[in-house]
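Presented below is the structure to which this report refers.
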There are 2 protein chains.
Amino acid sequence: MKRNASIDTPLFQVLTEIGIIAQLSGALFNKVLPEGLHVSHFAILNHLARIGDGQTPLQIAGAMQVAKGTMTHSLGVLERRGLVVLEPHPDDRRSKRVMLTDAGRAFRIAAVDILAQAMGGFSSEIDEADLGLLVPKLAELRKVLDANR
Amino acid sequence: MKRNASIDTPLFQVLTEIGIIAQLSGALFNKVLPEGLHVSHFAILNHLARIGDGQTPLQIAGAMQVAKGTMTHSLGVLERRGLVVLEPHPDDRRSKRVMLTDAGRAFRIAAVDILAQAMGGFSSEIDEADLGLLVPKLAELRKVLDANR
DNA sequence: ACTATATAGTTCGATATCGAACCAAGGAGG
DNA sequence: CCTCCTTGGTTCGATATCGAACTATATAGT
């Protein structure tokens, strides 16, 4: 059937699989993460620890690919927990700078350990080298999607 | 730094990329889909059209990897729009069977066209064959995650 | 300088999703 | 049969997210 051919394209299949995997891994992460901390919150802490803090909310939203209103919300959660502080941006009074607190760094390290442990449980069932090859392809796909949004 | 090594594993990187891609493609789909129809709703219609209707809500929830409460909600949306009907299951009075209506089939075909068109815009920027190779690996990853949830 | 436009964040309403509690029906053992 | 456990669905409260409207500041064009 000609009609279905248009949707059974590799791109579509990949996106379908990816959607399901994202849902599954998100659920898995949420289960092992400490009470009240969502994957998205952890992702922000992790990003700040890796790339460096002092980024603006908008920069972080761009990196995480979420709407800026969402970022306002998430940063509020993290700030209320004392994991980050928002300070005024020195060069632009509209903007903020997001800084990790010591508690935030400690929290992230603890969460990383928990996640690593949880993933270690079944990472043996997967060919790690295989996964390594996937990363650049996925990154490329992400770039294309990002450019067309 | 030893500490970061535990999280900079291929598996983790892949899941991070996948999370972002899922968010991007979901947003993209939502933008092109008709008013009020969410990707998840389309996914259900598509699943029923491909696998065959008459499935129970729980079966569909399993295939989509969403909570059953979510499925109740989504099917309600689709039913209110007349795209599916829920009929009592002949063998089990607790259960239902989800049937596509003609309108549902038509709607799906239209949506497929719209999506195919939207994706066609940038699918040329990606190596389709490359993507094809990704599918089995992703499927495998999905299985492992699924088994460990 | 002055106005117009763009940008950073916030706020708000709507919706998808989850998880847990719940209800109803099936099935298993005695 | 009757109880106990399981299973399919629904309901409910909480939360993440989006998109759009809004505020304040910055930048550009004239």
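These numbers were taken from a predicted model, which means no experiment stands behind them. Every chain is numbered from 1 and lettered A, B, ... according to where its sequence line falls, protein lines coming before strand lines.
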Original post:
Which heavy-atom pair separates A:G104 from A:L45 by the least distance, and what is that distance?
Top reply: O-CD1, 4.3 Å

Subject >> For B:G26 against B:V39, the heavy-atom pair lying closest together >> reply: O-CG2, 3.5 Å

Between [N] ([atom2]) and [X] ([atom1]): distance, integer Å:
X: B:L86; N: D:dG8; atom1: CG; atom2: P; value: 16 Å
X: A:M71; N: D:dC18; atom1: CE; atom2: P; value: 9 Å
X: B:I20; N: D:dT17; atom1: CD1; atom2: P; value: 13 Å
X: B:E87; N: D:dG9; atom1: CD; atom2: C1'; value: 16 Å
X: A:D91; N: C:dA8; atom1: CG; atom2: C1'; value: 14 Å
X: B:L58; N: C:dA24; atom1: CG; atom2: P; value: 19 Å
X: A:L37; N: C:dC18; atom1: CG; atom2: P; value: 18 Å
X: A:K68; N: D:dG19; atom1: NZ; atom2: C1'; value: 11 Å

At less than 4.0 Å, is any side-chain N or O atom of [X] found next to OP1 or OP2 of [N]? Yes or no.
X: B:S74; N: C:dA16; answer: no
X: A:T70; N: D:dC18; answer: yes
X: B:H73; N: D:dG9; answer: no
X: A:S95; N: C:dT7; answer: no
X: B:K31; N: D:dC18; answer: no

Subject >> Which residue lies more 5' along DNA chain D, comparing A:R93 with A:G69 via nearest heavy atoms >> reply: A:G69

Original post:
Which sits closer to the 5' end of DNA chain D, B:Q23 or B:R94, going by the nucleotide each is nearest to?
Top reply: B:R94

**OP:** Consider only side-chain heavy atoms of I, L, V, M, F, W and Y, link residues closer than 4.5 Å, and tell whether B:L58 and B:M71 are in one cluster.
**Re:** no

Subject >> Same apolar cluster: A:L86 and A:M99, side chain cutoff 4.5 Å >> reply: no

Give the nucleotide from the list [options] with an atom nearest to the side chain of [X].
X: B:V66; options: D:dT10, C:dC18, C:dT11; value: C:dC18
X: B:H38; options: D:dT11, D:dT7, C:dT17; value: C:dT17
X: A:S40; options: D:dG9, C:dG9, D:dA16; value: D:dA16

Original post:
When you measure from the side chain of B:T56 to the backbone N and O of B:K96, does any donor-acceptor pair fall under 3.5 Å?
Top reply: no

**OP:** Assign the ring pair B:F12 / A:F29 to parallel, tilted or perpendicular, where the plane angle (0 to 90°) is split at 30° and 60°.
**Re:** parallel

**OP:** For B:N30, answer base if it contacts any base atom (sugar-phosphate contacts may also be present), sugar-phosphate if it contacts only those atoms, and nothing otherwise; contact means non-hydrogen atoms under 4.0 Å.
**Re:** nothing

Original post:
Between B:V77 and A:Q55, which is nearer to the 5' end of DNA chain C once each is assigned its nearest nucleotide?
Top reply: A:Q55

**OP:** Would you kindly compare A:A27 and B:H41 by the position of their nearest DNA chain C nucleotide and give the one closer to the 5′ end?
**Re:** B:H41

Original post:
Is there a donor and acceptor pair closer than 3.5 Å between the side chain of A:K96 and the base of C:dG9?
Top reply: no

